[in-house]
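Any value given below was found using the heavy atoms of this structure, including those in side chains, with hydrogens, waters and symmetry copies removed.
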Amino acid sequence: MASDFKIFSGRANPLLAKEICESLNIPVGNMEVSSFPDGEIFVQINENVRGIDTFVIQPTAPHVNESLMELLIIIDTLKRASARRVTAVLPYYGYARQDRKDQPRVPITAKLVANLITTAGADRVLTVDLHAGQIQGFFDIPLDNLFATEILVDYFKRLAIPNLVVVSPDIGSVKRARAFARKLDVPLAIVDKRRPKAGHAEVVNIIGEVAEKNVIIFDDMVDTAGTMVEAVRILKQEGAGVIYAGCTHGVLSGNALTRIAASELTELVITNTIAVGDKTKQCPKLKVLSIANLLAQAITNIYHNASVSALFPQ
């Protein structure tokens, strides 16, 4: 299989790339990525890729701009080295929250990033749990959006939490949380909140029954954890029991880990779409699940022109 396709990794999440390659029983592609003193990124492919199907593992994770630029340069390098096809594998798609003009004179940066990836030479994109589904329409090349839901569902099923309810942290996440609740066969509640400005949320009301129930707050990402911690506070105030949270992308910027550690949250379960580093040591409440096998299966299906949607039970 190693001669059929090759997987290369940027510097954003090399451990995930290693896990994917171990799952596929192939080595990580030999590539040099370094930075000049002024910050310019240098890339060199150290093996033949002419006529080869190639995959680049690079979430546009913190630092987002550097990771994105590195991805673009790697794609360009592979195309100039005559790779047959380049698939950009972005386990986390940065700038996804800037997907529409919700104020005057603001950009739609998610579309700009799509244009950059396409212009760099990517033939296909593979990503996980896009923040907004319409981003798929920003691309003029095929995009496969994987879902980490089954990985999280399996974990929480093993915990066998009694008297459970799934909570959506805001109205925008209801569809995602409802699907999660359905897979666990438990009720859904909703946190109704207003966001006066970016990064700040004010909880207004709880829609649904949470008193004397154990809770899983479910969303696609946790960034500063301000919304999540406020939701935990209000849920406890409303009489909720043990509170867990699950999400795909642990951005965990700013004081997120400190907030989580100081909250009444029992456990925050995330996947390794974004490199975790030593964050589990900083915050013992953090549990990380691997998405490597799912990405490995998707890469195999893409290479063989098989269905990617077949990976998900209906």
Side-chain angles (χ1 to χ4, degrees), residues 8-17 31 33-36 38-43 55-77 86-103 106-122 125-136 138-139 143 145-146 148 172 195 197-200 219-228 247-257 259 270-279 282 286 288 291 295:
F8 295 89
S9 174
R11 294 178 292 184
N13 199 343
L15 290 180
L16 175 58
M31 176 177 68
V33 183
S34 58
S35 296
F36 292 110
D38 65 350
E40 285 187 11
I41 297 168
F42 173 77
V43 173
F55 296 82
V56 182
I57 315 296
Q58 178 78 341
T60 52
H63 301 281
V64 177
N65 297 334
E66 183 174 343
S67 297
L68 174 60
M69 194 66 201
E70 189 172 293
L71 170 66
L72 300 176
I73 294 172
I74 294 171
I75 293 170
D76 182 74
T77 306
V86 179
T87 299
V89 182
L90 289 78
Y92 171 68
Y93 187 95
Y95 286 106
R97 285 171 283 184
Q98 298 184 46
D99 62 310
R100 64 196 181 280
K101 288 193 68 173
D102 54 356
Q103 304 174 58
V106 296
I108 304 179
T109 319
K111 169 60 174 169
L112 172 62
V113 171
N115 289 344
L116 290 170
I117 292 171
T118 304
T119 302
V125 171
L126 176 63
T127 189
V128 182
D129 278 326
L130 280 172
H131 184 68
Q134 66 264 26
I135 293 173
Q136 296 175 73
F138 293 172
F139 285 88
L143 181 146
N145 183 31
L146 303 180
R195 191 184 296 274
K197 59 181 179 178
H200 298 269
D219 206 353
D220 66 320
M221 71 172 69
V222 55
D223 189 353
T224 63
T227 297
M228 179 176 292
C247 70
T248 303
H249 309 297
V251 181
L252 301 172
S253 56
N255 296 322
L257 294 177
R259 287 173 172 162
I270 63 174
T271 74
N272 59 344
T273 56
I274 297 173
V276 178
D278 63 352
K279 290 178 181 176
Q282 298 177 47
L286 197 62
V288 183
I291 202 166
L295 284 167

Straight-line distance of [X] [atom1] to [Y] [atom2], nearest 0.5 Å:
X	Y	atom1	atom2	answer
I117	L68	CD1	CG	6.5 Å
I108	D99	CD1	CG	8.0 Å
D76	L71	CG	CG	11.0 Å

Candidate list [options], test side-chain contact (heavy atoms from CB on, under 4.5 Å), partner [X], passing option:
X	options	value
N145	I135, L126, T127	T127
D223	R97, M228, H249	R97
D129	L146, T248, D219	T248

Kindly write out the residues that satisfy side-chain hydrogen bond (donor to acceptor under 3.5 Å, both in side chains) with K279, not counting sequence neighbours, or none if the list is empty.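 Checked K279 against side-chain hydrogen bond (donor to acceptor under 3.5 Å, both in side chains); zero matches.
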Looking only at heavy atoms, which two atoms of [X] and [Y] are closest? And how far apart?
X	Y	value
Q103	V106	O-CG2, 3.2 Å
G10	Q58	CA-OE1, 3.2 Å
D38	E40	OD1-N, 3.1 Å
A148	T271	CB-CG2, 4.1 Å
V86	G121	CB-O, 4.5 Å
I75	A120	CG2-O, 3.5 Å

Test Y95 against T60 for side chain to side chain contact (heavy atoms under 4.5 Å, CB included), laying out the working first. CA-CA 9 Å; Y95 286 106; T60 52; over 6 Å; no
Before you tell me yes or no, could you show the steps for T224 and N255 under side chain to side chain contact (heavy atoms under 4.5 Å, CB included), namely the whole-Å CA-CA distance, both residues' side-chain angles and the distance that decides it to 0.1 Å? CA-CA 6 Å; T224 63; N255 296 322; over 6 Å; no
Any side-chain heavy-atom pair from V128 and L295 closer than 4.5 angstrom?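 In contact.
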Side chain to side chain contact (heavy atoms under 4.5 Å, CB included) between L130 and F138: does it pass, once the steps are laid out? CA-CA 12 Å; L130 280 172; F138 293 172; over 6 Å; no
Evaluate the side chain to side chain contact (heavy atoms under 4.5 Å, CB included) criterion for residues L252 and I274: first the C-alpha distance (whole Å), next the side-chain angles of each, then the deciding distance (0.1 Å), finally the verdict. CA-CA 10 Å; L252 301 172; I274 297 173; over 6 Å; no
Are the side chain of S67 and the backbone of A61 linked by a donor-acceptor contact shorter than 3.5 Å?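 It does hold such a pair.
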Donor-acceptor pair, E70 side chain versus R11 backbone, under 3.5 Å?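 Yes: the side chain of E70 pairs with the backbone of R11.
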What I want to check is whether the side chains of D220 and Y92 have a donor and an acceptor closer together than 3.5 Å.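 Side-chain D/A pair, D220 to Y92: absent.
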Sequence neighbours left out, what passes side chain to side chain contact (heavy atoms under 4.5 Å, CB included) with N13? Give chain and number order.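 N13 satisfies side chain to side chain contact (heavy atoms under 4.5 Å, CB included) with L15, L16, P59, A275 only.
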